[in-house]
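Residue numbers begin at 1 in each chain, while the letters A, B, ... track the order of the sequences.
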2 protein chains.
Amino acid sequence: MKLHVSPDTFPPRGHEAKRLSIVDSAAAVFCREGFAGANIDLIAAEAGVSRQTIYNHHGDKEKLFVAVVRDLTERCNVGIFATIATFPDQPKDLEADLIGFAVRLNQNCICSRDGKFLRKLIQTEGERYPELFAEWREQGPGRTWPAIAARFARLAYGGYLAIEDPDVAARQFLGLVNAELQTTFMLGGSPREDEVVQSATNGVRTFLRAFGKRRSAVSVEKQTALAGA
Amino acid sequence: MKLHVSPDTFPPRGHEAKRLSIVDSAAAVFCREGFAGANIDLIAAEAGVSRQTIYNHHGDKEKLFVAVVRDLTERCNVGIFATIATFPDQPKDLEADLIGFAVRLNQNCICSRDGKFLRKLIQTEGERYPELFAEWREQGPGRTWPAIAARFARLAYGGYLAIEDPDVAARQFLGLVNAELQTTFMLGGSPREDEVVQSATNGVRTFLRAFGKRRSAVSVEKQTALAGA
DNA sequence: GACGAATTAGACAAGACTGTCTAAATTTGT
DNA sequence: ACAAATTTAGACAGTCTTGTCTAATTCGTC
């Protein structure tokens with residue numbers, strides 16, 4: 001708004017810090033108590049600010065909620081794309097590398113604080129804010145799934161996997177890798193590290209039993225024929 | 001309470017019907033609005049009873065909530081075990097039969113009204129009522145998973161599948177079969193029938209690529225045609 | 001038709017929460 | 001150190017909700 005001197009940070013420095021603190025606390029309280037049960041006074045107390053400051057920053061409860069979801073979606077996307085960047089394009093040990101990727105995806109994106117919060121808000125309030133979560137769907141899954149599928153397609157093109165539909169394979173990969181964590185996710189808990197590794201290991205092994213190439217060298221000509229289909 | 005004449009139905013006939021109606025409406029409202037946001041007057045209106053009747057039947061809001069979860073858990077269990085009873089123990093066409101089972105499981109248990117409600121209540125309130133949902137965990141997954149795993153074990157013993165750990169295989173089966181429905185589930189929506197069938201078909205095909213026996217199974221030609229592509 | 005139990009509508013007190021307002025205190029940039 | 005902007009604590013009105021109470025009404029059964 002005010003931009004007479006410093007083009008870097010128009011508002012005072014503590015301002016943005018407080019905004020962050022508010023959104024963080026709000027995310028936690030909205031998740032714990034639900035939108036209706038969330039108490040602005042409690043959010044203020046957890047954020048270490050006064051209630052009035054929350055109203056100064058965000059207007060009202062509903063706008064605060066929207067800000068929380070937007071923030072979480074963006075932060076999660078950053079995490080997911082950072083993790084996708086570690087996808088093993090030229091694996092030395094396909095099984096081990098895919099397990100590693102699956103574990104990173106779980107730990108950094110799905111079981112992270114932001115990931116858990118976003119997931120729960122989607123589950124609990126998704127039906128009440130159709131347009132907001134339609135936006136999430138575009139920005140989130142709409143962008144990340146194609147990115148993951150593209151990596152699997154590349155792996156297939158490189159002769160490491162025999163998959164027909166990379167989109168299906170990508171979703172099945174995640175389904176397998178999280179197969180043993182569903183109950184924990186449902187109750188909102190965080191699985192222990194060894195559970196994540198266990199589930200990922202079992203999932204990747206099954207995935208490779210279905211899509212892995214026996215001990216093939218790179219038979220690119222057959223691959224290209226498949227990739228086009 | 002009063003049992004002077006008829007040993008069959010002590011309270012009048014309409015009594016139990018109202019109780020049912022209350023629990024049904026309460027389930028819907030608790031799901032839509034969350035526990036804190038659920039309004040007793042609204043539940044009463046949807047159930048077509050007066051607010052006082054709800055208090056007569058259930059005491060207070062929290063007891064009503066517990067009654068809802070117990071009822072839903074029990075009803076869902078009945079549905080799940082009925083569906084498990086249709087598991088193909090001696091399949092003519094393994095792929096088609098497993099797809100059929102997966103679709104039934106989805107339609108009758110996971111996407112049913114009760115299934116959706118119970119899942120959402122677990123997701124939204126699971127952390128607030130640890131002991132209640134610990135009970136659910138025992139009565140629900142604790143009983144149904146072993147039953148499903150036992151069926152897969154039998155299929156393996158019969159020579160139809162090559163699986164090492166039936167528990168892992170059972171969970172992976174469901175993970176695969178629902179792989180393409182996750183986003184819809186997350187937002188609380190119901191997938192269309194054709195989406196369920198599509199996801200089940202893709203899931204079962206991958207499952208059989210991993211665990212199916214090449215030779216001994218009946219529909220080998222269909223397998224190889226599809227899998228070999 | 002009559003009796004007893006269940007149900008209903010509505011009023012009600014007590015408490016909780018949102019969002020606004022004000023005046024004082026604190027922080028920030030210069 | 002000064003001036004502007006921000007933050008704070010607290011009071012406040014208005015609204016909503018739960019759970020209770022009462023008196024009238026309806027329902028099921030004999």
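- Contacts between residues 40-58 of chain B and DNA chain D, defined by a heavy-atom separation under 4.0 Å, are made by B:I40, B:R51, B:Q52, B:Y55.
- Salt bridge A:D71/A:R19: absent, no basic N to carboxylate O contact under 4.0 Å.
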* Would A:T73 and A:Q139 satisfy side chain to side chain donor-acceptor pair (under 3.5 Å), going step by step from the backbone distance to the final call? -> CA-CA 8 Å; A:T73 303; A:Q139 296 300 314; over 6 Å; no
Could you list the donor-acceptor pairs under 3.5 angstrom formed between side-chain atoms of residues 115-122 of chain A and any protein atom two or more places apart in sequence or on another chain?
unit_1: A:K116; atom_1: NZ; unit_2: A:S190; atom_2: OG; d: 3.3
unit_1: A:R119; atom_1: NH1; unit_2: A:I110; atom_2: O; d: 2.7
unit_1: A:K120; atom_1: NZ; unit_2: B:E127; atom_2: OE1; d: 2.6

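- The side chain of A:N39 places an N or O atom within less than 4.0 Å of a non-bridging phosphate oxygen (OP1 or OP2) of C:dT18.
- Taking atom CD1 on A:I22 and atom C1' on D:dT8, their separation rounds to 13 Å, with Å as the unit.
- Phosphate proximity of C:dA5 to B:K18: absent, as no side-chain N or O sits under 4.0 Å from OP1 or OP2.
- From one end of the helix from C:dG1-D:dC30 to C:dT30-D:dA1 to the other, with five pairs defining each end axis, the axis direction shifts by 50° (rounded to 10°).
- If you take CG of A:D60 and C1' of C:dC17, they are 14 Å apart, rounded to a whole angstrom.
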* To do: Give the C-alpha distance, both sets of side-chain angles, the deciding distance and a yes or no for side chain to side chain contact (heavy atoms under 4.5 Å, CB included) between A:Y55 and A:I40.
  => CA-CA 9 Å; A:Y55 285 104; A:I40 301 273; 3.9 Å; yes
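- For the residue pair B:N56/B:Q52, the side-chain donor-acceptor check at 3.5 Å is satisfied.
- Of the charged side-chain nitrogens involved, none lies within less than 4.0 Å of a carboxylate oxygen, so that A:D165 and A:R171 do not count as a salt-bridged pair.
- Side-chain contact between A:N39 and A:E33: absent, with no pair of heavy atoms (C-beta onward) separated by less than 4.5 Å.
- Of the residues listed (B:F211, B:F207, B:W145), the one engaging B:F152 in a ring-ring contact (aromatic ring centres under 6.0 Å, His included) is B:F207, and it is the only one.
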